[in-house]
Asker: 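Would you mind keeping the following structure in view while I ask a few things?
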Amino acid sequence: MEDKKEIFEIVNTPFHFSVELIFSKDRLKSVMFTDKKPDLRVNHSLSDIWDSMKRYFYGEKVDFNIPIILECLTEFEKKVLRLTHEIKYGEVLTYKELAIRLGNKNLSRAVGNALRKNPLPIVIPCHRVIGSDGSLCGFMGKEGLEIKKILLKLEKSL
């Protein structure tokens with residue numbers, strides 16, 4: 001991969017969406033949900049991520065310990081994303097529990113705002129963060145809640 005060149009791949013899933021992976025500088029830069037499109041795999045230094053995503057969507061437990069890029073985020077947002085990355089497959093935490101781990105139980109809304117900026121859903125599993133009452137909320141707006149539900153069922157968290 002060249003330094004400034006971005007590469008993208010598309011991982012088709014068994015659901016009503018596909019996942020677009022964007023790479024830059026030998027790191028994963030972005031994961032986006034998109035309308036179903038055919039698989040597109042490119043041969044490059046991180047092409048095994050495509051395989052990992054494919055296995056994940058077919059129900060295999062996958063740890064995404066891969067080189068990533070977190071751009072245009074504050075230090076607080078990066079800290080929230082690092083804590084979110086530590087949430088294990090099949091587990092969920094509430095926004096309040098993440099706020100407590102940050103040292104202030106009153107930061108729940110700030111945690112939600114930071115997660116809204118997550119450029120790497122699934123890899124940084126913000127879908128594993130739920131409301132204090134157990135409700136599914138805050139995942140890419142109203143339409144994203146259906147994807148969040150699918151991901152949590154896939155991981156047997158629901």
Side-chain angles (χ1 to χ4, degrees), residues 1-93 95 98 110-131 135-155 157-158:
M1 245 186 305
E2 296 174 25
D3 256 338
K4 296 182 181 186
K5 186 178 178 186
E6 288 189 347
I7 296 174
F8 78 96
E9 297 182 334
I10 297 173
V11 179
N12 202 350
T13 74
F15 306 105
H16 67 279
F17 57 87
S18 293
V19 176
E20 186 173 301
L21 309 173
I22 299 176
F23 303 90
S24 180
K25 302 177 187 173
D26 290 330
R27 293 174 186 239
L28 183 61
K29 179 179 181 179
S30 176
V31 174
M32 295 184 296
F33 298 98
T34 184
D35 292 337
K36 220 165 182 35
K37 297 180 182 176
D39 283 330
L40 173 64
R41 183 174 181 185
V42 179
N43 188 19
H44 60 92
S45 63
L46 297 176
S47 61
D48 60 327
I49 296 170
W50 188 93
D51 288 325
S52 296
M53 278 285 177
K54 203 69 155 166
R55 289 192 333 268
Y56 172 82
F57 280 109
Y58 282 90
E60 188 177 323
K61 179 183 173 188
V62 176
D63 291 320
F64 293 102
N65 293 319
I66 55 177
I68 61 173
I69 297 173
L70 293 177
E71 298 178 318
C72 304
L73 298 171
T74 67
E75 285 307 310
F76 174 78
E77 292 163 345
K78 289 177 184 177
K79 191 172 184 180
V80 170
L81 293 180
R82 282 192 293 273
L83 281 174
T84 303
H85 190 258
E86 295 172 5
I87 303 172
K88 304 275 188 241
Y89 184 97
E91 294 179 3
V92 293
L93 284 181
Y95 293 94
L98 272 180
V111 165
N113 287 333
L115 292 177
R116 187 176 333 136
K117 295 181 181 180
N118 180 8
L120 301 166
I122 301 172
V123 174
I124 298 176
C126 55
H127 62 279
R128 296 178 188 155
V129 182
I130 61 173
S135 64
L136 303 184
C137 51
F139 191 71
M140 303 174 350
K142 185 179 179 183
E143 293 176 9
L145 291 179
E146 182 60 30
I147 293 174
K148 184 172 189 164
K149 187 175 184 178
I150 288 168
L151 298 177
L152 291 174
K153 281 186 176 182
L154 184 69
E155 297 180 7
S157 303
L158 267 187

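Excluded from the calculations below are hydrogen atoms, water molecules and symmetry mates; all remaining heavy atoms, backbone and side chain alike, are included.
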Asker: Is the backbone of Thr74 close enough, under 3.5 Å, to the side chain of Lys79 for a donor and an acceptor to pair up by distance?
Answerer: no

Asker: Has Lys148 got a side-chain atom pairing as donor or acceptor with Val129's backbone, closer than 3.5 angstrom?
Answerer: yes

Asker: Taking atom CZ of Phe76 as the centre, does the number of heavy atoms from other residues, nucleotides or ligands within less than 6.0 Å exceed 12?
Answerer: yes

Asker: Rounded to the nearest 0.5 Å, how far does OG of Ser18 lie from CD of Glu9?
Answerer: 13.0 Å

Asker: Glu91: which residues meet the side-chain contact (heavy atoms from CB on, under 4.5 Å) condition with it, sequence neighbours left out?
Answerer: Ile87, Lys88

Asker: Can you tell me how far the CG atom of Leu46 sits from the NZ atom of Lys29, to the nearest 0.5 Å?
Answerer: 14.0 Å

Asker: Show your reasoning for whether side-chain contact (heavy atoms from CB on, under 4.5 Å) applies to Ile150 and His16.
Answerer: CA-CA 10 Å; Ile150 288 168; His16 67 279; 3.7 Å; yes

Asker: Heavy atoms only: give me the nearest His85-Pro125 pair and the separation to one decimal.
Answerer: CA-CD, 3.8 Å

Asker: Of all heavy-atom pairs between Val31 and Leu28, which one has the smallest distance, and what is that distance?
Answerer: CG2-CD2, 3.8 Å

Asker: Mind listing the side-chain donor-acceptor pairs of residues 57-71 below 3.5 Å, one per line with the distance, residues two or more places apart or on another chain?
Answerer:
from, atom 1, to, atom 2, distance (Å)
Glu60, OE2, Arg55, NE, 2.9

Asker: Give a yes or no on this: more than 12 heavy atoms of other residues, nucleotides or ligands lie within 6.0 Å of atom NZ of Lys54.
Answerer: yes

Asker: Taking C-beta and beyond as the side chain, do Val92 and Leu152 meet within less than 4.5 Å on heavy atoms?
Answerer: yes

Asker: Got a second to check how far Tyr95's OH is from Cys126's SG, nearest 0.5 Å?
Answerer: 7.5 Å

Asker: If you round to the nearest 0.5 Å, how far is CD1 of Ile122 from CZ of Arg128?
Answerer: 9.5 Å

Asker: Less than 4.5 Å apart, any side-chain heavy atom of Glu77 and any of Asn113?
Answerer: no

Asker: Heavy atoms, side chains only, cut-off 4.5 Å: are Leu40 and Glu20 in contact?
Answerer: no

Asker: Is it true that the side chains of Glu155 and His127 contain a donor and an acceptor less than 3.5 Å apart?
Answerer: yes

Asker: Rounded to the nearest 0.5 Å, what separates atom CD1 in Ile10 from atom CG in Asp39?
Answerer: 8.5 Å

Asker: For Phe15, enumerate each residue passing the ring pair (Phe, Tyr, Trp, His ring centres under 6.0 Å) test, keeping only those at least two apart in sequence or located in another chain.
Answerer: Phe17

Asker: Using 0.5 Å steps for rounding, measure from the CG atom of Leu83 to the CG atom of Leu115.
Answerer: 10.0 Å

Asker: When you look at CG of Asn43, are more than 12 heavy atoms from neighbouring residues, nucleotides or ligands closer to it than 6.0 Å?
Answerer: no

Asker: Which heavy atom in Leu81 sits nearest to a heavy atom in Ala114, and how many Å separate them?
Answerer: CD2-O, 4.4 Å

